[in-house]
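Presented below is the structure to which this report refers.
Note that this is a predicted model, so its numbers are computed, not measured.
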Amino acid sequence: MSSTSPWWRGAIIYQVYPRSYQDSNGDGIGDIPGALERLPYIARLGVDAVWLSPFFTSPMEDFGYDISDYCDVDPMFGTLADFDRLVAEAHRLGLKVIIDQVLSHTASVHPWFLESKKDRTNPKADWYVWADPKEDGTPPNNWLSNFGGSSWEFSTSRMQYYLHNFLKSQPDLNFHNPEVRQAVLDVLRFWLDRGVDGFRFDTVNYYFHDDELRSNPPCPADQVCSTAPGCNPYTFQQHVYDKTRPENLAFLSDVRRLLDSYDGDRMIVGELGADGPDIGSILHDYTEEGKRLHMAYVFELLTEEFSASHIREVAERLNREIADGWICWSIGNHDVQRVLTRWGLEDVAGAAAPPRYAMLLSLRGSSCIYEGEELALPEADLPLEKLKDPYGITMWPEFKGRDGCRTPMPWRHDQPNAGFSTAEPWLPVPAEHLCLAVDLQDGKDGSVLERCRAFTAFRKRQPSLKDGDMTLLDAPDGVLMYQRSGNGPAVLAAFNLTASPVSFDLPDTGWTIEQNIGLTGTAAGGRVDIPAYGAAFFTK
């Protein structure tokens, strides 16, 4: 890798969902001191950065994605001093720190909204998206919430509707107002001054709405218009007026100028939840080199589709369409079913998890690992009475929500609540997670954790896997194969995504198989043998 390449290009980022990572004070909820305690574990994984999901002051109706104070830590997570200590220790361990920024909306108890909803003439009257009802009293248009139902809620104090793309307790800010844009930039400056290395922008394409409030057209039968569950009416529309508006690009250019004014390669990765035929141009526009986002966090591998042909098509198409931009890949996060369950691999987790991990870390782009993926955790199957997620409670049983991927991290198999907390956790620890606890895998040869660590160590020694070019190669059915080339040795990666072993000839000569990197494929005389769900890597 060139010494001039920024740290984030090809970085491995580990996502911590703080309320489920480690509880330090015995209240059943993970916190910043708990995450601080576990930083050495994260550093031992060999990752480059830690991403913290929201820890800001919040009523927690959407568990921190409804913020009531952008510039403070919620008491359940600790204090600003705790956060400062975490940043200092992460930097000492060689880890960058990325924090979520939820800028499209606030909590309904945020002081800005409490003032805005008083009347139509107060100083913040135009800080949120307000609109008059139609003559018959119905909402101003047909826009739908991501969480079901209309995205408009009526306020009796103003006799108007306000927009909420998510819960009704998450009113959308009006980014057409320059005062709002300046307030948001001031929030970013606050955290940059505290030493954060980057931001993960939640719902980055939702900031602006169509100022004419035009209704969305229906979704054509031959298109997928949303990654939302099929039982959600949000999928019935093309979301052309309620998100991904052109004005967003100018604002993101302002944000980029702010970050570029700081030393130290500060970075923005934006969660780009866009669908349909225009995704390629959207990716390019949002990540055009040097202008807006540094990276786009994409959803294409967060679906149930898991095949060599699908992953090949996605990797080839998105890297072509993003051009000089950069992708951040993920196969799991706090919003989707855990990957081994989603892809039907729970029964073969020990064989399948390390190769899926290796695939994520070797695609051209950067990568985000969600806490617990390095342990091969399956989705927790929680009953309705244990759910906390309002999305899942509303859509039950067709969609069980996001709690199943948010259960506490299992640290020890022999302690109450898996060593996460001395109190009853906010979500239960699944019994099936105990046998996958860190203490049972740490230092154990052949465990998923040690195999993932071994691959990460290999990956960090290969400049081509950090920011080299990627060429998709022809392979037998069910096999995904590609070559990464750049500074240093070329790397060839082959993944068997089927339930049967495969054997085939390498595309050319001179390749040496890499041993002791956590993978199980073998090779001799130019022929490679890969067991079911396995993988092999070669260099030359």
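By the 4.0 Å N-to-carboxylate-O rule, Arg406 lies close enough to Asp335 to be salt-bridged with it. Ionic pairing of Arg200 and Asp202 is present here: one or more N-O contacts between side-chain nitrogen and carboxylate oxygen are shorter than 4.0 angstrom. For Asp265 and Lys96, the salt-bridge test fails: no basic side-chain N is under 4.0 Å from an acidic carboxylate O. Under a 4.0 Å N-O distance rule, the pair Asp260/Arg257 does not qualify as a salt bridge. At a threshold of 4.0 Å, the pair Arg292-Asp285 does not count as salt-bridged, since none of the basic side-chain nitrogens sits closer than that to a carboxylate oxygen. Ion pair Arg245/Asp210 flagged as a salt bridge, since at least one NZ, NE, NH1 or NH2 atom sits closer than 4.0 Å to an Asp/Glu carboxylate oxygen. Taking 4.0 Å as the cut-off between side-chain N and carboxylate O, Asp62 and Arg402 count as a salt-bridged pair.
Every residue was checked against the ring pair (Phe, Tyr, Trp, His ring centres under 6.0 Å) condition with Phe504, not counting sequence neighbours, and none meets it. Residues that satisfy the side chain to side chain donor-acceptor pair (under 3.5 Å) test with Ser330, not counting sequence neighbours, are Tyr297. Remark: Lys291 engages Glu288 in a salt bridge (Lys or Arg N to Asp or Glu O under 4.0 Å) (not counting sequence neighbours). Residues satisfying the side chain to side chain donor-acceptor pair (under 3.5 Å) criterion with Tyr14, sequence neighbours excluded, are Tyr21, Glu374. Residues meeting the ring pair (Phe, Tyr, Trp, His ring centres under 6.0 Å) test with Tyr482, sequence neighbours left out: Phe495. Taking Tyr162 as the reference, Phe113, Trp130 meet the ring pair (Phe, Tyr, Trp, His ring centres under 6.0 Å) condition, with sequence neighbours excluded.
No donor-acceptor contact under 3.5 angstrom links the side chains of Ser151 and Asn165, judged on distance only. Under the 3.5 Å distance criterion, with hydrogens and angles disregarded, no donor-acceptor pair is assigned to the side chains of Ser169 and Asp66. Counting only N and O atoms by type, the side chains of Ser215 and Asn141 include no donor and acceptor under 3.5 Å apart. Residues Trp343 and Glu304 bring no donor and acceptor atom of their side chains to less than 3.5 Å of each other. There is a side-chain donor-acceptor pair under 3.5 Å between Tyr128 and Thr106. With no hydrogens or angles considered, a side-chain donor-acceptor pair links Asn232 and Tyr391 at under 3.5 Å. Counting only N and O atoms by type, the side chains of Gln238 and Asn216 include no donor and acceptor under 3.5 Å apart. If you check the side chains of His334 and Gln15, you find a donor sitting under 3.5 Å from an acceptor. For the residue pair Trp326/Ser366, the side-chain donor-acceptor check at 3.5 Å is satisfied.
Ring-plane geometry between Phe175 and Phe251 is classed as perpendicular, the angle between the planes exceeding 60 degrees on a 0 to 90 degree scale with a lower cut at 30.
With Phe56 as the fixed residue, the ring pair (Phe, Tyr, Trp, His ring centres under 6.0 Å) test singles out one of Trp191, Tyr65, Tyr70: Trp191.
How far CH2 of Trp329 is from CD1 of Ile311: 9.5 Å, rounded to the nearest 0.5 Å. Between the CD atom of Glu371 and the OG atom of Ser53 there is a distance of 7.5 Å, given to the nearest 0.5 Å. Between the OH atom in Tyr17 and the CG atom in Leu52 there is a gap of 13.0 Å [rounded to 0.5 Å].
Val97 approaches Ala90 most closely through the heavy-atom pair CG2-CB, 3.5 Å.
The shortest distance between side-chain heavy atoms of Tyr357 and Leu519 does not fall below 4.5 Å. For the pair Glu271 and Thr203, the minimum side-chain heavy-atom distance is below 4.5 Å. For the pair Val196 and Ile98, the minimum side-chain heavy-atom distance is 4.5 Å or more.
Of the possible polar contacts, one joining the Asn496 side chain to the Ser500 backbone as a donor-acceptor pair under 3.5 Å is found. Glu316 contributes no side-chain N or O that, together with a main-chain N or O of Glu313, makes up a donor-acceptor pair within less than 3.5 Å.
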Derivation of the side chain to side chain contact (heavy atoms under 4.5 Å, CB included) call for Leu492 and Leu473:
CA-CA 9 Å; Leu492 186 148; Leu473 303 173; 3.9 Å; yes

What's the verdict on side chain to side chain contact (heavy atoms under 4.5 Å, CB included) for Arg342 and Glu379, showing C-alpha distance, side-chain angles and the deciding distance?
CA-CA 8 Å; Arg342 197 171 72 247; Glu379 180 83 352; over 6 Å; no

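Applying the 6.0 Å contact sphere to NZ of Lys168 captures no more than 12 heavy atoms from other residues, nucleotides or ligands. Around CG of Asp347, the count of heavy atoms belonging to other residues, nucleotides or ligands within 6.0 Å does not exceed 12.
Disulfide criterion (SG-SG under 2.5 Å) for Cys368 and Cys328: not met.
With ring centers used as reference points, Phe166 lies under 6.0 Å from Tyr206.
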